[in-house]
2 protein chains.
Amino acid sequence: MKQYLLFSPGPTPIPPSVIAAMSQPIIHHRHGEFKELLKRVITKLQYTFQTSEDVFIIAGSGTAAMETAICNLFSVGDHVLVVNCGNFGKRWTDISNAFGLNVNEIEVEWGNAVEPEQIKSALLGNKKIKAVFITHCESSTGVTNDIKTISSILKLNSDALVIVDAISSLAGEELRMNEWGIDVVVSASQKGLMTPPGLSFISLSQRARGHLYKSDLPKYYLDLKKSVTASKNFLTPWTPATTLIVGLDAALDIVVREKLETIWERNKTYSSFIRDSCIQMGLQMFSKNPSNIITAVNAPEGINVSLLLKILKEDFGIVFAGGQGKLQNKIFRISNIGFISQNEIEIMVKDLREVCQKCAK
Amino acid sequence: MKQYLLFSPGPTPIPPSVIAAMSQPIIHHRHGEFKELLKRVITKLQYTFQTSEDVFIIAGSGTAAMETAICNLFSVGDHVLVVNCGNFGKRWTDISNAFGLNVNEIEVEWGNAVEPEQIKSALLGNKKIKAVFITHCESSTGVTNDIKTISSILKLNSDALVIVDAISSLAGEELRMNEWGIDVVVSASQKGLMTPPGLSFISLSQRARGHLYKSDLPKYYLDLKKSVTASKNFLTPWTPATTLIVGLDAALDIVVREKLETIWERNKTYSSFIRDSCIQMGLQMFSKNPSNIITAVNAPEGINVSLLLKILKEDFGIVFAGGQGKLQNKIFRISNIGFISQNEIEIMVKDLREVCQKCAK
């Protein structure tokens, strides 16, 4: 018998009610049952995004939603500003380059959040910038950017759209699309939303919608104009991942029942407990602006991270994530979002302490 | 209590073993368990495609795999030939146009298959054509194209790639990628493969692979070069739809156990039983080249198709598909692919007879 506790930043554990929902007989995506389902799910997603705008569901992973934001709103040669705080920030740059945009990049030292002033001066330095791409929680470094402040400073200094990757942060860390004046939020199913991977989401402000019919970049599968048309009739342009949407419906019930504010607060408590416990064990935090959903821990002196993660997984059933890119073998990452209990976090901390002591010998 | 028998051409009913597999705890897509899973699934997909080449799995619906074939192998202005026998044939044209290709189209009268000679003369008429796009089973009209003959004629007269949409036909109707000399096959999870929608597949011949590094079309999420690199290590470039792949693993076990030849034969028997039964009821077939996986039936004189489908669904629990596009309210479609038994087909035929008699009164 092998049971694992997943503390990886997606996929996160799937609640039993989600599994039960997905085990029901499959429905047809052009029938009334599906339209009712989509209506329900969109309403609950709007609450989760804290927006009154439409949320569109894509059959595809988070990267597909990021590409959707780029290929639907811009044209070749458009100037955009990317805040690159890590692996996922860099992805905005890579996609923008692939589509021929003119990328201005703020490269933030890994482990730090961006200073809102850096964005302001970049915008003042190049008046052609049409959008700022930023990662809410950069899960590769365990950093959360202060989207609220950034968005308000941005609005005062520029007409650029604020486009936020909330893939790991949605339903995990405070995010208010409408109130904070965010133009585009993208997210995915397998993190705070406790649903298997395979769905991603995008929501646009009215201002962003205005760009939809001006973009000249080629697209078809990710063409949001087709989604806008189909959504009027509670349909999707292509065959949707119905079973995953049925699962999402059940997962969103959990979110609505617990309430976003409670979830945000719970994750704050969880993550500071994890950080404090790690510090007590003598471990050092990698991130200077730690997120509430994932904790990046420096590899302890003289301990091989791969071995540490292997022992934790094989002997204790605890699954962490390693470092990505240049942080490989330098950090490990502990996520606390989704369907995870205080008990499980306490067990994990106890096991981590034991393994660290064992490895140090 | 409501139970439905789905005779729609995707999604098809999900076998219990697939549901059970998907109900297991979620796994992480960068760990050994996933690599083992992917290795197993790819091998079984290769058998299903009848190819020795790699099969790549995309988190996305069939249209995403169609776009993958286009945006990875061609450049702006390239000449391509599309065989348009219906709604799905037309999609090749639409995607090609969206990406700026130069589309030559053979428009076949709906309900007919293409004559291989039509393709030959189109190719001889335009030597610049780099690829022929064709739908194996055009499920919107219930027609199957003779890919084997077309591919062999094509090879004798042109260097154009043969690119086949086998979304509805894979593991349903005879298709042999290697032996028939097909260069690209795309398919999806929710038809003959009896898995929920959300996964699609693409396999390329070595000849098609040669085009991969020449294409100048912008892409990122669907960039196959990234899939080729990741697959060397049994990974995917982006978060895969793990749970659906776990389901697919179980579904492919059923395919491998029954054997493709037996499935193809079974579908031939099923579909001719359905056609014969319909003709006995006085119904007329829409398709002149009927497929073995879906039967398109003309609306009986004086009977409203929507009403017929509504009664069948609500009173008998039988789900058919209506006509698409210009065939709306003119035909209905009965699929027999996937996890459907002879008993269920007999019940469906009995119910259809009863409803037709009732509607005719």
Side-chain angles (χ1 to χ4, degrees), chain A residues 3-4 6 8 10-14 19-20 22-31 58-64 66-68 70-71 76 91 94-95 97-100 188 190 196-200 217-223 236-244 246-247 313 319 321-322, chain B residues 3-4 6 8 10-14 19-20 22-31 58-64 66-68 70-71 76 91 94-95 97-100 188 190 195-200 217-223 236-244 247 313 319 321-322:
Chain A
Q3 275 193 9
Y4 296 107
L6 260 68
S8 57
T12 60
I14 312 297
I19 291 174
M22 293 199 306
S23 302
Q24 296 171 96
I26 194 145
I27 58 172
H28 194 277
H29 55 284
R30 301 284 174 217
H31 284 221
I58 299 162
S61 77
T63 304
M66 293 172 77
E67 180 169 322
T68 300
I70 288 171
C71 70
V76 171
R91 190 161 295 173
D94 293 344
I95 306 176
N97 282 330
F99 281 85
Q190 78 278 15
L199 295 177
S200 56
L217 296 174
K219 60 236 162 209
Y220 189 83
Y221 183 64
L222 300 177
D223 189 344
T236 54
W238 325 119
T239 303
T242 35
T243 301
L244 297 181
V246 168
K313 183 177 177 192
V319 177
Chain B
Q3 276 193 7
Y4 296 106
L6 261 69
S8 57
T12 60
I14 312 299
I19 292 174
M22 293 198 309
S23 302
Q24 296 171 97
I26 196 145
I27 58 173
H28 195 277
H29 53 284
R30 301 285 175 216
H31 284 221
I58 299 161
S61 77
T63 303
M66 293 173 77
E67 180 168 324
T68 301
I70 288 171
C71 70
V76 170
R91 190 160 296 173
D94 293 344
I95 305 175
N97 282 330
F99 281 85
Q190 78 278 15
T195 303
L199 295 177
S200 56
L217 296 174
K219 60 236 162 208
Y220 189 82
Y221 183 63
L222 300 177
D223 189 344
T236 54
W238 325 120
T239 303
T242 35
T243 301
L244 297 181
K313 183 177 177 191
V319 178

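Below, chain A is the first sequence line, B the second, and so on; all start at residue 1.
For the set B:M22, B:Q24, B:K313, the entry with the most heavy-atom pairs within less than 4.5 Å of chain A is B:K313. Counting heavy-atom pairs closer than 4.5 Å to chain A, the top residue among B:A59, B:P240, B:S61, B:S200 is B:S61. Interface summary for chain B: among A:A188, A:G62, A:P218, the most heavy-atom pairs under 4.5 angstrom belong to A:P218. Taking B:G247, B:P196, B:C71 one by one and counting their heavy-atom pairs under 4.5 Å with chain A, the maximum is reached by B:P196. Ranking B:G198, B:A98, B:P11 against chain A, the residue ahead of the rest is B:P11, based on heavy-atom pairs under 4.5 Å. Of the listed residues (A:S23, A:A64, A:G10), the greatest number of heavy-atom pairs within a distance under 4.5 Å of chain B belongs to A:A64. With respect to chain A, the highest number of heavy-atom pairs below 4.5 Å among B:I14, B:V319, B:D94 belongs to B:D94.
If you measure heavy-atom distances from B:I27 to chain A, the contacts under 4.5 Å come from the backbone alone. For B:K219, the part lying under 4.5 angstrom from a heavy atom of chain A is the backbone only. If you measure heavy-atom distances from B:L6 to chain A, the contacts under 4.5 Å come from the side chain alone. For a residue to count as touching a neighbouring chain, one of its non-hydrogen atoms must lie under 4.5 Å from one of that chain's; by this rule B:D223 does not touch chain A. For B:T12, the part lying near chain A is the backbone, with the side chain staying farther off; criterion is any non-hydrogen pair under 4.5 Å. At a 4.5 Å heavy-atom cutoff, the contact between B:I26 and chain A is made by backbone and side-chain atoms alike.
A 4.5 Å side-chain heavy-atom check between B:P13 and A:P25 finds every atom pair outside the cut-off.
Taking B:A321 as the reference, B:P9, B:R333 meet the side chain to side chain contact (heavy atoms under 4.5 Å, CB included) condition, with sequence neighbours excluded. A search for ring pair (Phe, Tyr, Trp, His ring centres under 6.0 Å) contacts involving A:Y220 returns A:W238, not counting sequence neighbours.
To the nearest 0.5 Å, the span separating OG on A:S8 from CZ on B:R30 amounts to 11.5 Å. Atom CD1 of A:I19 is separated from atom CD1 of B:I19 by 13.0 Å, given to the nearest 0.5 angstrom. Considering OG1 of A:T243 and CD of B:Q190, their distance stands at 10.0 Å, rounded to 0.5 Å.
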